[in-house]
Colleague: 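Below is a structure I'd like to ask you about.
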Amino acid sequence: QLQASGGGLVQAGGSLRLSCAASGRTFSSYVVAWFRQAPGKEREFVAAIGRRGSGTSYSDSVKGRFTISRDNAKNTVYLQMNSLKSEDTAVYYCAAGPTYGGRTRSDFGSWGQGTQVTVSS
């Protein structure tokens, strides 16, 4: 029910915008987050947004560079990624869950398939 898109290859310092499109009429009832997983590493929290978009949270590694937003009329959440670094290279996943404030995989029950982001230095 979640479809992530927008990944690609970009040079360090560049930007990308990821999209997470959801099906279903209850999208606005869910908190949505982005996670990422680099090769050989654990999946880690990146950012989350509350149901109405008024609350957002970020990992320290992306704060000030990434912006999460949502358009409930379009059932879509976005992740604007600026000033990309090679360490941002990973598969990015969007996930939906019932409660704002969680940052672990177990806090989110629905997951998209992932989109690859590769940042070349």
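In this chain, numbering begins with 1 at the start of the sequence shown. Only heavy atoms go into these numbers, but all of them, side chains included; no hydrogens, no water, no symmetry mates.
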Colleague: Tell me, please, which residues at least two apart from K41 pass salt bridge (Lys or Arg N to Asp or Glu O under 4.0 Å).
Modeller: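 Applying salt bridge (Lys or Arg N to Asp or Glu O under 4.0 Å) to K41 gives none.
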Colleague: Clusters formed by hydrophobic residues whose side-chain heavy atoms approach within less than 4.5 Å: which one holds L18, and what are its other members?
Modeller: V10, L16, F27, V32, W34, V46, I49, Y58, V62, F66, I68, V77, L79, M81, L84, Y92, V117, V119
Colleague: Ring pair (Phe, Tyr, Trp, His ring centres under 6.0 Å) with Y100: which residues, sequence neighbours excluded?
Modeller: none
Colleague: Salt bridge (Lys or Arg N to Asp or Glu O under 4.0 Å): which pairs involve residues 93-121, sequence neighbours left out?
Modeller: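 Output for this query is empty, none listed.
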Colleague: Sequence neighbours left out, what pairs pass salt bridge (Lys or Arg N to Asp or Glu O under 4.0 Å) with at least one residue falling in residues 47-61?
Modeller: D60-K63
Colleague: Taking the six-membered ring for Trp and the full ring for Phe, Tyr or His, determine whether the centres of F108 and Y30 are under 6.0 Å apart.
Modeller: no
Colleague: Can you list every salt bridge (Lys or Arg N to Asp or Glu O under 4.0 Å) pair that touches residues 68-78, not counting sequence neighbours?
Modeller: none
Colleague: Would you say the side-chain atoms of T115 pair up with the backbone N or O of G7, donor to acceptor, closer than 3.5 Å?
Modeller: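 Yes; at least one donor-acceptor contact below 3.5 Å.
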Colleague: For S121 and A12, work out which heavy atoms get closest and say how close.
Modeller: CA-CB, 4.2 Å
Colleague: Can you name the side chain to side chain contact (heavy atoms under 4.5 Å, CB included) partners of S19, sequence neighbours left out?
Modeller: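 Side chain to side chain contact (heavy atoms under 4.5 Å, CB included) list for S19, sorted by chain: S5, T76, Y78.
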Colleague: Could you tell me which residues satisfy side-chain hydrogen bond (donor to acceptor under 3.5 Å, both in side chains) with S23, sequence neighbours excluded, listed by chain and number?
Modeller: none
Colleague: Keeping to residues at least two apart or across chains, list the salt bridge (Lys or Arg N to Asp or Glu O under 4.0 Å) pairs with something in residues 29-39.
Modeller: R36-E44, R36-D88
Colleague: Looking only at heavy atoms, what is the nearest atom pair of A38 and A90, with distance?
Modeller: N-CB, 3.8 Å
Colleague: Could you pull out all residues at least two apart from Q80 that satisfy side-chain hydrogen bond (donor to acceptor under 3.5 Å, both in side chains)?
Modeller: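 Q80 satisfies side-chain hydrogen bond (donor to acceptor under 3.5 Å, both in side chains) with N82 once adjacent residues are dropped.
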Colleague: Could you list the residues that satisfy salt bridge (Lys or Arg N to Asp or Glu O under 4.0 Å) with E87, not counting sequence neighbours?
Modeller: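 E87 satisfies salt bridge (Lys or Arg N to Asp or Glu O under 4.0 Å) with no residue once adjacent residues are dropped.
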Colleague: Considering residues at least two apart in sequence or located in another chain, which fulfil the side-chain hydrogen bond (donor to acceptor under 3.5 Å, both in side chains) criterion with R43?
Modeller: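 With neighbours one apart ignored, the set is Q37.
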Colleague: A quick test of your reading: do over 12 heavy atoms of other residues, nucleotides or ligands sit less than 6.0 Å from CD of Q1?
Modeller: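 Open: at most 12 neighbouring heavy atoms sit under 6.0 Å from CD of Q1.
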Colleague: Return the OH to CZ distance between Y93 and F35, rounded to the nearest 0.5 Å.
Modeller: 12.0 Å
Colleague: For the SG atom of C94 and the CG atom of L2, what is their distance to the nearest 0.5 Å?
Modeller: 4.5 Å
